[in-house]
Amino acid sequence: MNRVDIVPVEGVHPEIGLLLAMLDDVTKKWTNELGRVSKETIVWQPRPEAHSIGALILHISDVEAFWLHEVGAGQPLTEAHNLLFLSEATQQYAGRWPTPPKRPLSWYMPQHQSIRERTREFVRNLNDPEHVGRYGKREFTLRWLLHHIISHEAYHDGQAVLLASLRKPLSGQE
Ligand code: NI
């Protein structure tokens, strides 16, 4: 019998290790499922101001940096970060998504990876699920912040995979 498990990252608090392992597992699954997509597919929006794969990758990364780097680790995001990740141009609750840069996936994924590397560093250093970050009038535990980023990425990654599938020709058709 093969056992299926999620193996916590070692060398940190067990809850932190489990959440870090879950976060990387989510990323691995959707990036595998997305596969290779062209620049044209990355910037494609099914209607004006709609989601695109490119804007979704930037948004997933940006939200991770906001909650874990700024709120969790107390490292404010820079203006350069906000411009690169289209933070202000992305108005997801108003249903407005910007047209992302026409760049290959080999440009987009390292943006996500660089955010993830800083996340790992910050979270490993904090290494306390009860650590509290403040935003507005609320306090957020590091445990909740990691949970939130895992579910946020899982929520948006399926949208990126769906957009890629909408661009593929139906089988038997050109
Ligand atoms: Ni979002």
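Just follow the structure's listing: the first ligand is 1, and inside any ligand the first atom is 1. Please read these numbers as outputs of a predicted model, since none were measured by experiment.
- The two residues Leu19 and Ile150 make their nearest non-hydrogen contact at O-CD1, 3.5 Å.
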### Task
Show your working on salt bridge (Lys or Arg N to Asp or Glu O under 4.0 Å) between Lys28 and Asp24 and close with a plain yes or no.
CA-CA 6 Å; Lys28 197 167 123 193; Asp24 280 342; over 6 Å; no
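- For His156, the N, O or S atom closest to the Ni ion (ligand 1) goes by the atom name NE2.
- Side-chain atoms of Glu70 come within 3.5 Å of backbone N or O of Leu77 as a donor-acceptor pair.
- The distance from the Ni ion (ligand 1) to the nearest N/O/S atom of Gln92 is under 2.8 Å.
- Side-chain rings of His112 and Tyr108 stay apart, their centers remaining 6.0 Å or farther from each other.
- Geometry note: the Ni ion (ligand 1) is the vertex, His152 NE2 and His59 NE2 are the arms, and the angle is 90° (rounded to 10 degrees).
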